[in-house]
Amino acid sequence: MNKEIKTKILNKIKEYDKIFLFRHVRNDGDCVGATKGFKRILQLSFPEKKIYLIDDDNSQYLAFMGAEDEAVSEEEYKDGLGIVIDTASEKRISNKNYLLCKELIKIDHHIPIEDYGDIMWVEPDRSSACEMIADFYATFKSELTIDTVAATHIYTGMVTDSGRFKYEGVNGETMRNAAVMLDTGIDTEKLYAQLYLDDFGYLKFKARIYQRMEITENGVAYIFIDKAMQEEFGLSLEQASSCVNSLDSIRGAICWIAFIENGDEESSIRVRLRSRFVHINPIAEKYRGGGHACASGATVYGWEEAEKLLADADAHVKEYKETHEGWL
Ligand SMILES: [Mn+2]
């Protein structure tokens, strides 16, 4: 699929001696795995090229994938090719030096909200950006080199962005690409342990989530996590946000939302929205956000606006339930 655009990208890569990889802010397994995996594939395939992944925005839980490259001067970027992966809009690109690159390529699987770059390869039906990188490798495997390390990075993003191959968007193509990665000899037992073991204290926090969770009339499960609760359990914003996944298996609750207080002066609240069957991104887009059909993010200011978003989500779910069958 999209062989023409992928060939264009490969030719651009061949054209440049210097390549910079970029990803989104508030990084996740997909954008980290995709940039690290692609960097390694390019480095193995073209040893004479300089491939950089420079980003000072790091996540503790992804530290097992290794550190980023040291910063280079702004001058260095100017004759380089920039490749931005997994990032729907320019304002979400983490390292702003992408602006300095001579040319820019966008590789993404989010619902397109904004065009940028000289070449765009966007496939919203892909379950992860890592799947696209795996596909890119598989398409040109006679010209590219991969190893277990690169494949493990890519597989990490495929696993995390698809909820361990569970979400909508996972199809035969996903599995065929995953198979190409697994064939390199990934230690999946170790990988899953690195990704999914929880600290004892975090499970205590989860217990509190289950105590405090609520549900709206039409089946939107939700939780408010204020600054005090984050401090009580010593949680990073990342850890606090991941609690949305604790609400993902309640029968009848086809949408679930976590509100996480940022604790800044503007009383901003980070909102994570998830759903099955019904698409939730229209609600996220109404509140300064976006993302995927069934996994979106938004920002609201103050608890009053949070209640408004919740009411909108409830009405959205009500309408869906009244007009559809077969949801659980
Ligand atoms: Mn992604």
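Start at 1 and go down the list; that is how both ligands and their atoms are numbered.
- Note on His109: its N/O/S atom closest to the Mn ion (ligand 1) is NE2.
- Side-chain atoms of Asn177 come within 3.5 Å of backbone atoms of Glu173 as a donor-acceptor pair (strictly under, hydrogens ignored).
- Distances from the Mn ion (ligand 1) to each N, O or S atom of Asp86 single out OD1 as the nearest.
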Solution key, residues 35-45 side-chain donor-acceptor pairs under 3.5 Å, sequence neighbours excluded:
unit_1: Thr35; atom_1: OG1; unit_2: Cys31; atom_2: O; d: 2.7
unit_1: Thr35; atom_1: OG1; unit_2: Val32; atom_2: O; d: 3.1
unit_1: Lys36; atom_1: NZ; unit_2: Gly66; atom_2: O; d: 2.9
unit_1: Lys36; atom_1: NZ; unit_2: Ala67; atom_2: O; d: 3.3
unit_1: Lys36; atom_1: NZ; unit_2: Glu68; atom_2: OE2; d: 2.7
unit_1: Lys39; atom_1: NZ; unit_2: Ile51; atom_2: O; d: 3.2
unit_1: Lys39; atom_1: NZ; unit_2: Asp69; atom_2: OD1; d: 3.0
unit_1: Lys39; atom_1: NZ; unit_2: Asp69; atom_2: OD2; d: 2.6
unit_1: Arg40; atom_1: NE; unit_2: Asp147; atom_2: OD1; d: 3.1
unit_1: Arg40; atom_1: NE; unit_2: Asp147; atom_2: OD2; d: 2.8
unit_1: Arg40; atom_1: NH2; unit_2: Asp147; atom_2: OD2; d: 2.6
unit_1: Gln43; atom_1: NE2; unit_2: Lys49; atom_2: O; d: 2.9
unit_1: Ser45; atom_1: OG; unit_2: Ile41; atom_2: O; d: 2.6
unit_1: Ser45; atom_1: OG; unit_2: Thr145; atom_2: N; d: 2.8

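- Between the side chains of Ser242 and Tyr202, at least one donor N or O lies within less than 3.5 Å of an accepting N or O.
- The N, O or S atom of Asp30 with the smallest distance to the Mn ion (ligand 1) is OD2.
- Scored by the salt bridge (Lys or Arg N to Asp or Glu O under 4.0 Å) test, Arg26 finds no partners at all (sequence neighbours excluded).
- Between the Mn ion (ligand 1) and the N, O or S atoms of Asp161, the shortest distance is to OD2.
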